[in-house]
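Have a look at the structure below, then the notes.
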Amino acid sequence: MKRKRRILMLAGLLWLFAAGSSSGDGGADPVPYAFSVGFGEKVVLAQASAASEEGEIEAVSQEGILPDPLEPINRAFFVFNDRLYFWVLKPVARGYGFVLPEKVRVGIGSFFRNLAFPVRFVNCLFQGKLEGASEEFGSFLLNSIAGMGGLFDIAGDAGVKKYDEDLDQSLGTFGFGPGFYINWPFLGPSTLRGTFGSVGDGFLDPVNYLDSTGTALAVESVNVVNRTSFVIGEYESLKRAALDPYSALKDAYYQNRLKKIRE
Amino acid sequence: MGKRFPFLWLAGVLVLAVLPWSAFAGAPTEQLKQTTDKVISILTDPDLKGPSNAEKRRALIRKIADERFDWNEMSRRALGHHWKKLNEEEKKTFVKLFSQLLDRTYMEKVEDYSGEKATYTGETIDENYAIVEMKVLTSKNVEIPVVNKLKKKGEDWMIYDVAVEGVSFVNNYRTQFNSLLSKSSVSELLAKLREKVSEK
């Protein structure tokens, strides 16, 4: 049980979905993406233009709608996470960012990313992305040896593409639907599939094999605070632009997931 | 003469290869690029720098944005099937407030401009609709994929949706409006929108 709880902590990265999505995942091959967008869009556009004749535009696609049967509980946890961010995480990350120079924080981020290499490697293989698997493997070797245990992202600086694959994306690629939306306390936006994915990925993350739960939590907290120090302001601007921040965050999380699965 | 032809052909190929891709981009990309360049030139204009020029700067950018964004189309799509529930007066009010909100969000994003570079990576045209893909490279060397959706109006390609990292503005607001309108009335939504826009 202890391990399970520790592993779930990992889904905390999901909370910082914005961080994850903008922290330099170069994305997959842009060409197939362009095609997939263009192709799917064609049908949708035709429907939309036909519908607009009658002054009515239906929802773009069923795919974009995520069921939310737990909405009342999810909304309660949204308020909880919101306060946690403004009262605890943000001040801590601010102080941390003030004390540690950006270069050091970038190094710490690279270290954690390098450590979680097995997650990306295995999920590249799951999705048949052999090129991704080999590039991640090469980056891991180079950064671990020449980059002092991953503190320096030598491969990334040289322009090697990053493949931020995870089990949620693999399951999505296999054809599993997301189930429904779950907004976890502490961990933030996820889905049923995403939760399974995070637990599964947890088995591949070395942090979870530290000798005590306390140590693992401490290490994971550093990771979360370090990540947050780079994205202060992003959640704030999402909230500022939103009329219903809960729905805005849910939708942003899910649309970003859909894109990552498409890639 | 015969000997010269291969040389000319090769020269032609070289010229084509050297020309930037944008030289071949279609009208949607061209027009989008013009708008982006105009906004950047305002943001980098030394005569318009500083907080004292903020109002002036915003007015200029707003004017450029109005020429490229189709606020009406954006509003219709964001409201989806709720659009027809609004009467003409409410539609007008909604478009005005929603455009002010989007405008503010856009403005606050571009105000932070610090030399980010945009590269145009793809264009798909389907009659009167187009998708222009670009990548914005931030000063921290992070690449952000941005997809613009445009609709043709006369000779102009007008933006009706922007997706950043796969998150489309229109879809995001549609989720919010759906949720709000399932619990409250149109006039309550308009009041909420008005309140949001007036937030400092």
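Keep in mind that the numbers below use all heavy atoms, side chains included, and drop hydrogens, waters and symmetry copies. Throughout, protein chains are lettered first and strands after them, A, B, ... in sequence-line order, and every chain is numbered starting at 1.
- Counting non-hydrogen atoms of neighbouring residues, nucleotides and ligands closer than 6.0 angstrom, the OH atom of A:Tyr246 exceeds 12 such neighbours.
- Residues B:Glu165 and A:Asn256 approach most closely at O-ND2, 2.9 Å, considering heavy atoms.
- Crowding of B:Glu67 atom CD: a count of heavy atoms from other residues, nucleotides or ligands under 6.0 Å exceeding 12.
- Legend: residues meeting side chain to side chain donor-acceptor pair (under 3.5 Å) with B:Thr36, ordered by chain and number and at least two apart, are B:Tyr120.
- Both the backbone and the side chain of B:Leu193 have a heavy atom closer than 4.5 Å to some heavy atom of chain A.
- The shortest non-hydrogen separation linking A:Ala241 to B:Thr105 is CB-OG1, 3.6 Å.
- Side-chain contact between B:Gln176 and A:Pro245: absent, with no pair of heavy atoms (C-beta onward) separated by less than 4.5 Å.
- Surrounding NZ of A:Lys103 are at most 12 heavy atoms belonging to other residues, nucleotides or ligands under 6.0 Å away.
- Among all heavy-atom pairs drawn from B:Thr175 and A:Asp251, the shortest one is OG1-OD1, 2.8 Å.
- From A:Leu243, atom CG reaches atom CG of B:Leu97 across 10.0 Å, with rounding to the nearest 0.5 Å.
- Neither the backbone nor the side chain of B:Lys85 comes within contact range of chain A, judged by heavy atoms closer than 4.5 Å.
- For B:Tyr173, the part lying under 4.5 angstrom from a heavy atom of chain A is the side chain only.
- Residue-environment remark: NZ (B:Lys63) stays at or below the threshold of 12 foreign heavy atoms within 6.0 Å.
- The number of heavy-atom neighbours closer than 6.0 Å to CZ of A:Phe111, taken from other residues, nucleotides and ligands shown, is 12 or below.
- In this structure, A:Gln255 CD and B:Asn171 CG are separated by 4.5 Å, a value rounded to the nearest 0.5 Å.
- A salt bridge links A:Glu71 with B:Lys183; the closest basic N to acidic carboxylate O contact falls under 4.0 Å.
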side-chain contact (heavy atoms from CB on, under 4.5 Å) between B:Ser179 and A:Lys250, intermediate numbers included:
CA-CA 11 Å; B:Ser179 168; A:Lys250 178 180 84 168; over 6 Å; no
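- Partners of B:Glu108 under the salt bridge (Lys or Arg N to Asp or Glu O under 4.0 Å) rule, at least two apart in sequence or in another chain, are A:Arg240.
- Around CZ of A:Phe176, the count of heavy atoms belonging to other residues, nucleotides or ligands within 6.0 Å does not exceed 12.
- Within 6.0 Å of OH on A:Tyr96 lie more than 12 heavy atoms contributed by other residues, nucleotides or ligands.
- Of the two parts of B:Ser168, the backbone and the side chain both hold a non-hydrogen atom closer than 4.5 Å to a non-hydrogen atom of chain A.
- Once rounded to the nearest 0.5 Å, the distance linking OG of A:Ser247 with CG of B:Leu180 reads 6.5 Å.
- To the nearest 0.5 Å, the span separating CD on B:Glu143 from NZ on A:Lys162 amounts to 11.0 Å.
- What you find for A:Lys259 and B:Pro145 is that their closest heavy atoms are NZ-CG, 3.5 Å.
- Only the side chain of B:Lys196 comes within contact range of chain A, judged by heavy atoms closer than 4.5 Å.
- Taking a 6.0 Å sphere around CZ of A:Phe174, one finds it holds more than 12 heavy atoms contributed by other residues, nucleotides or ligands.
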